[in-house]
There are 2 protein chains.
Amino acid sequence: MDHSRCENCIVRQFNSLRAMNKEELKKVSDSKVMKTVKKGEPLFEEGERLNGVYCVRNGVSKMSKLSPNGKDQIVKLATKGEVMGQRSVIAEEHANLSAVAVSDMEVCFIPKESITTTLQKNPNFTLEVLRHMAHDLKEADDVIVNMSQKTVKQRIAEAFLYLKNNFGEDTDGFLALTLSREDIANVVGTATESAIRIISEFKKKGLIHTSGKRVAISDERKLRDLAEGF
Amino acid sequence: MDHSRCENCIVRQFNSLRAMNKEELKKVSDSKVMKTVKKGEPLFEEGERLNGVYCVRNGVSKMSKLSPNGKDQIVKLATKGEVMGQRSVIAEEHANLSAVAVSDMEVCFIPKESITTTLQKNPNFTLEVLRHMAHDLKEADDVIVNMSQKTVKQRIAEAFLYLKNNFGEDTDGFLALTLSREDIANVVGTATESAIRIISEFKKKGLIHTSGKRVAISDERKLRDLAEGF
DNA sequence: GCAATACTATGACAATTATCAGTTTTGAAA
DNA sequence: TTTCAAAACTGATAATTGTCATAGTATTGC
């Protein structure tokens with residue numbers, strides 16, 4: 001089986017491409033371009049005009065926006081199965097966020113034409129994309145509430161739990177996705193030093209342990225309590 | 001002309017209902033129920049199962065979520081032309097946010113069936129809803145960045161500018177939408193006392209002036225500079 | 001292997017923001 | 001109009017978070 005064909009791609013099951021019919025999928029598959037992106041390399045930049053979307057086959061990308069104070073706020077981490085750039089293509093706007101790989105990635109670039117024509121012709125596909133976006137919107141609303149109502153300590157605890165739930169742990173029990181301290185700070189919206197300080201505090205309290213920049217959760221229960229505000 | 005009919009409702013031009021065809025619109029209009037909601041009254045509560053959406057004809061509603069610390073974070077202000085509850089109906093989930101009127105409102109309740117059947121049949125409508133949701137998602141992402149990277153002072157300055165741009169001013173130059181200090185605090189995600197203190201500071205600096213709980217912008221330029229971080 | 005460089009870590013201090021405890025003002029109901 | 005409860009406001013103080021300076025630790029490229 002040719003795994004480079006969208007028709008056979010497992011990743012498709014996770015995203016809205018599963019609502020495409022055979023011929024639509026064939027067209028997408030014929031027009032797509034597979035790319036590998038190394039950790040640290042950008043996929044696209046805020047303000048750029050996207051002429052397609054990126055379907056993630058492997059690896060993780062941070063999607064962030066530069067705020068006027070010069071700091072990068074990470075709004076979302078996109079992983080296997082997720083489609084990046086969809087929003088901009090649908091709204092016919094320039095990209096609102098930048099996408100940079102935080103681990104080595106394999107992505108498929110899909111030219112926007114195959115997406116937009118399917119959107120106009122296949123209501124099932126459109127509805128599926130809509131459902132996904134409705135879900136993203138709920139998540140974004142929840143992030144707003146967390147950002148504005150929780151302390152930095154709570155947000156960092158939550159971030160570790162999020163990383164465990166979404167990316168799992170390696171064989172040694174460390175979080176499978178390793179982010180730099182700066183990236184962690186940019187996820188929770190705080191200064192890098194503050195993030196480091198709180199991570200050290202978590203270590204002292206036995207909630208986590210670390211090895212280099214890798215982090216492992218030692219006491220998930222306590223971490224969860226802390227995140228909830230107890 | 002019967003203005004109680006969706007077909008003739010001006011508000012429809014602002015939202016995705018404009019992509020409905022005549023018969024779909026007729027069905028919606030036949031099944032809808034007009035309601036008036038007094039300031040302070042809820043439209044729906046977080047966690048509730050919605051069996052329809054609310055189309056705003058007049059007035060403004062705050063859409064908020066209770067955070068574990070007991071504070072209400074206002075995520076969005078919905079006004080004339082906006083459709084509330086759409087996200088929950090599309091995702092077939094319970095409401096993620098509560099909606100409470102912040103001024104007297106006139107809304108139309110539209111049972112979800114007329115929405116969902118149109119979503120399945122009319123791709124134009126689905127695409128239109130999708131575009132609106134894409135726009136909402138961008139706005140939500142921007143709010144995340146503001147919330148996590150700007151100071152309370154900046155966020156309050158921005159809130160006043162937002163209120164002026166979106167709801168305008170009355171004949172005396174005061175912001176047409178008057179929010180309580182507590183609501184302002186809940187929009188920017190801070191303690192009520194902090195919000196009041198900063199509002200007082202703005203007054204002393206001549207950026208705004210007030211009369212009771214009403215606020216007027218005196219120096220928009222300076223307020224904008226402040227919001228941008230200068 | 002070694003220098004250059006980026007990242008992690010910690011201390012000292014300043015700025016911001018929250019909390020608590022009160023007083024004053026406002027506006028709606030009697 | 002008076003009365004009363006809610007909302008707005010202020011001060012004092014504590015807690016949180018940011019900034020700057022500096023030192024240690026990995027990592028990379030030569």
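Letters go in sequence order (proteins before strands), and every chain restarts at 1.
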Checklist entry - D:dT27 phosphate, OP1 or OP2: any side-chain N/O from A:Lys213 under 4.0 angstrom? => result no
Next on the checklist: Less than 4.0 angstrom from a charged side-chain N to a carboxylate O is my criterion; do B:Glu106 and B:Lys35 meet it?
Outcome noted: no
Checklist entry - Between C:dC7 atom C1' and A:Lys39 atom NZ, what is the distance in whole Å? => result 12 Å
Checklist entry - Nearest-Å distance, CD (B:Glu182) to C1' (D:dA5)? => result 15 Å
Checklist outcome for this item: Taken to the nearest whole Å, CZ/B:Phe202 to P/D:dT10 is 15 Å
Checklist entry - Do other residues, nucleotides or ligands put more than 12 heavy atoms under 6.0 Å from the NZ atom of B:Lys222? => result no
Item to check | Distance, rounded to the nearest Å, where B:Ile184 contributes CD1 and D:dC9 contributes P | outcome: 9 Å
Item to check | Spacing of A:Leu179 atom CG relative to C:dA6 atom C1', expressed in whole Å | outcome: 17 Å
Checklist entry - Are any of the side-chain nitrogens in B:Glu201 or B:Lys205 under 4.0 Å away from the carboxylate oxygens of its partner? => result yes
Distances under 3.5 Å between protein N/O atoms and the N/O atoms of nucleotides 15-18 of chain D, please, pair by pair.
unit_1, atom_1, unit_2, atom_2, d
D:dT17, OP1, A:Val152, N, 2.9
D:dG18, OP2, A:Thr190, OG1, 2.3
D:dG18, OP2, A:Ala191, N, 3.3
D:dG18, OP2, A:Ser194, OG, 3.0

Next on the checklist: Between P on C:dT10 and NZ on A:Lys204, what's the gap in Å once rounded to a whole number?
Outcome noted: 6 Å
Checklist outcome for this item: Ranking B:Ala195 and A:Glu193 by the position along DNA chain C of their nearest nucleotide, the one closer to 5' is A:Glu193
Next on the checklist: Is the shortest side-chain heavy-atom distance between B:Ser98 and B:Lys65 below 4.5 Å?
Outcome noted: no
Checklist entry - Hey, mind stepping through B:Lys150 and A:Asn69 against side-chain hydrogen bond (donor to acceptor under 3.5 Å, both in side chains) and telling me if it holds? => result CA-CA 8 Å; B:Lys150 294 196 172 175; A:Asn69 70 6; over 6 Å; no
Checklist entry - Is there side-chain contact between B:Leu179 and B:Leu163, with heavy atoms separated by less than 4.5 Å? => result yes
Checklist entry - Between A:His132 and A:Ser16, does any side-chain donor sit less than 3.5 Å from a side-chain acceptor? => result no
Checklist outcome for this item: To the nearest angstrom, the CD1-P distance between B:Ile196 and C:dT17 comes to 16 Å
Item to check | d(CG, B:Asn69; C1', C:dT17) in whole Å | outcome: 14 Å
Checklist entry - OP1 or OP2 of D:dT10 less than 4.0 angstrom from a side-chain nitrogen or oxygen of B:Ser200, does that happen here? => result yes
